[in-house]
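Heads up, the thing below is written out as structure tokens.
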Amino acid sequence: MDEDDKIKYKEEIIKKAMSLLSSKDKLDEAELMLLNLEKEFPEDLIIKQNLSVILHQNGKSDEGIEKLKQAVKIDPEEFSNYHNIGLIYQKKKQFREAKAFFHKAVEVDREKAHICLTLLGQIYFNEGDMVNSLKAYQGVIEINGEDAFNANLGKGLCLSRLGYKKEAKQCLEKVVKLKPNDVHTREALAFLYLDIGMHREGLDINKELIGDIIFDTSKKEINII
């Protein structure tokens, strides 16, 4: 089998295996197909990457991570391997490990770094680490420019939580300019208004979107009625 035939053969097996992903009762079959193919081509990056997806979908996330770590050894400069390992760890709620691989992805490829910086911003925010969350969102803005909608929203929320209400409001104004009529913008604005203490404005938007609400300012909780 010459090189072209090998490539065609691998592509056909991979395509067939991945086509079975939508059928839960065929995941074992798809997994076996790629495990056998991996034995024939143990250093093939694409096989390991696709096998990791099938393993994860088949409830074998740790084995999927191991395949991706093998892929990292084959190509240490491939962004997607670090990104995907981080995603699996994030889904497993192993956030320390997720952050480590997202940070590594940022180091490996600055052009794609905004993808993992956004995820890092979300994780740090949920952990209450506003300083590192802010750094991550600012990194997205530096890469994607001032029109990075989600990053400006995240940055605004971080600034608000850190006590910089004026600067938070400036981020909010950027968000309004970027997507003034989008329903997700309106939802985000309501949340940010409430967070920086502009309760009347936030309540008005929420009322417009979902009806009357009760907002408990002492607990910062919203109850739909």
Side-chain angles (χ1 to χ4, degrees), residues 1-127 129 133 136 140 143-144 149-151 154 183-184 187:
M1 189 184 296
D2 62 26
E3 196 60 34
D4 287 341
D5 288 335
K6 287 180 181 179
I7 293 172
K8 186 177 180 180
Y9 168 69
K10 286 188 288 186
E11 288 178 347
E12 287 176 353
I13 300 296
I14 291 171
K15 184 178 179 180
K16 185 176 180 181
M18 299 307 286
S19 72
L20 301 176
L21 266 180
S22 59
S23 303
K24 290 185 177 181
D25 59 338
K26 293 186 178 181
L27 287 174
D28 288 339
E29 180 183 347
E31 180 183 325
L32 184 59
M33 288 172 64
L34 289 193
L35 284 171
N36 287 334
L37 189 64
E38 184 187 34
K39 290 177 183 177
E40 295 182 65
F41 305 97
E43 296 300 311
D44 190 282
L45 180 70
I46 305 301
I47 295 171
K48 293 186 186 298
Q49 290 173 330
N50 283 277
L51 181 53
S52 73
V53 174
I54 290 175
L55 287 166
H56 177 60
Q57 291 294 323
N58 207 15
K60 302 176 182 179
S61 295
D62 289 337
E63 292 179 38
I65 289 171
E66 183 55 36
K67 292 301 175 186
L68 286 171
K69 287 181 177 180
Q70 292 172 13
V72 166
K73 291 180 181 179
I74 295 170
D75 186 358
E77 300 303 313
E78 174 54 47
F79 171 89
S80 65
N81 293 326
Y82 301 102
H83 169 259
N84 291 341
I85 293 173
L87 280 180
I88 296 175
Y89 274 129
Q90 186 178 18
K91 289 177 181 178
K92 286 166 60 67
K93 301 189 183 302
Q94 294 179 231
F95 297 115
R96 181 174 61 84
E97 293 83 355
K99 288 186 292 186
F101 279 94
F102 288 148
H103 276 296
K104 184 62 180 177
V106 170
E107 294 174 15
V108 165
D109 193 334
R110 288 298 298 178
E111 288 186 7
K112 298 176 183 175
H114 62 280
I115 299 170
C116 286
L117 284 170
T118 299
L119 294 167
L120 283 166
Q122 294 168 355
I123 293 174
Y124 281 124
F125 187 90
N126 290 333
E127 290 177 339
D129 186 346
S133 181
V140 176
I143 294 169
N144 280 2
F149 171 74
N150 290 322
V183 65
H184 298 298
E187 291 172 348

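Annotation: the span from L51 atom CG to N58 atom CG amounts to 10.0 Å, rounded to 0.5 Å. For the atom pair NZ (K6) and CG (D44), the distance works out to 11.0 Å, reported to the nearest 0.5 Å. For the atom pair CG of L32 and NZ of K26, the computed distance is 14.5 Å after rounding to the nearest 0.5 Å. Going from atom CG of N36 over to atom CD1 of I13 covers 9.5 Å, rounded to the nearest 0.5 Å. Expressed to the nearest 0.5 Å, how far CG of D5 lies from CG of D2 amounts to 4.0 Å. Distance check: R96 CZ to F101 CZ gives 10.5 Å after rounding to the nearest 0.5 Å.
A 4.5 Å side-chain heavy-atom check between Q49 and S80 finds at least one atom pair inside the cut-off. Side-chain atoms of N126 and F95, non-hydrogen and from C-beta on, never get closer than 4.5 Å to each other. At least one side-chain heavy atom of L37 sits less than 4.5 Å from a side-chain heavy atom of Y9. Put simply, the side chain of L27 does not reach to within 4.5 Å of the side chain of L20, judged on heavy atoms. At a threshold of 4.5 Å between non-hydrogen side-chain atoms, the residues N150 and V140 do not count as touching. Side-chain atoms of N81 and L45, non-hydrogen and from C-beta on, do get closer than 4.5 Å to each other. In this structure, K48 and K73 have side chains that are not in contact, with every pair of non-hydrogen atoms separated by 4.5 Å or more. Under the 4.5 Å side-chain criterion, counting only non-hydrogen atoms from C-beta, L119 is in contact with L87.
The heavy-atom pair separating E43 from I74 by the smallest distance is O-CD1, 3.4 Å. In plain terms, the two heavy atoms of S52 and G64 that are nearest each other are CB-O, 3.3 Å. Closest non-hydrogen pair, G86 versus A98, comes out as O-CB, 3.5 Å. Of all the heavy atoms in G121 and S133, the pair that sits closest is O-OG, 2.8 Å.
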Practice item. Please step through side-chain contact (heavy atoms from CB on, under 4.5 Å) for the pair I54 and M18, ending with a clear verdict. Key: CA-CA 8 Å; I54 290 175; M18 299 307 286; 3.7 Å; yes
Exercise for review: I would like to know whether K99 and L120 meet side-chain contact (heavy atoms from CB on, under 4.5 Å); could you show each step before the answer?
Suggested key: CA-CA 6 Å; K99 288 186 292 186; L120 283 166; 3.9 Å; yes
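Counting only distance, with no hydrogens or angles, the side chain of T118 and the backbone of H114 share a donor-acceptor pair below 3.5 Å. Between the side chain of Y82 and the backbone N or O of P76 there is at least one donor-acceptor pair closer than 3.5 Å.
Sequence neighbours left out, not one pair with a member in residues 113-122 passes salt bridge (Lys or Arg N to Asp or Glu O under 4.0 Å). The salt bridge (Lys or Arg N to Asp or Glu O under 4.0 Å) pairs that include a residue from residues 53-70 are E31-K60, E38-K67, D62-K92, where partners are two or more places apart or lie in different chains. For residues 108-123, the set of pairs meeting the salt bridge (Lys or Arg N to Asp or Glu O under 4.0 Å) definition, not counting sequence neighbours, is empty.
Among residues two or more places apart in sequence or in another chain, the salt bridge (charged side-chain N to carboxylate O under 4.0 Å, His left out) test is passed with E40 by none. Residues satisfying the salt bridge (charged side-chain N to carboxylate O under 4.0 Å, His left out) criterion with E107, sequence neighbours excluded, are K104. With sequence neighbours excluded, the residues satisfying side-chain hydrogen bond (donor to acceptor under 3.5 Å, both in side chains) with H103 are Y124.
K10 forms a cation-pi arrangement with F41, by the criterion of a distance under 6.0 Å to the ring centre and an angle within 45° of the ring axis.
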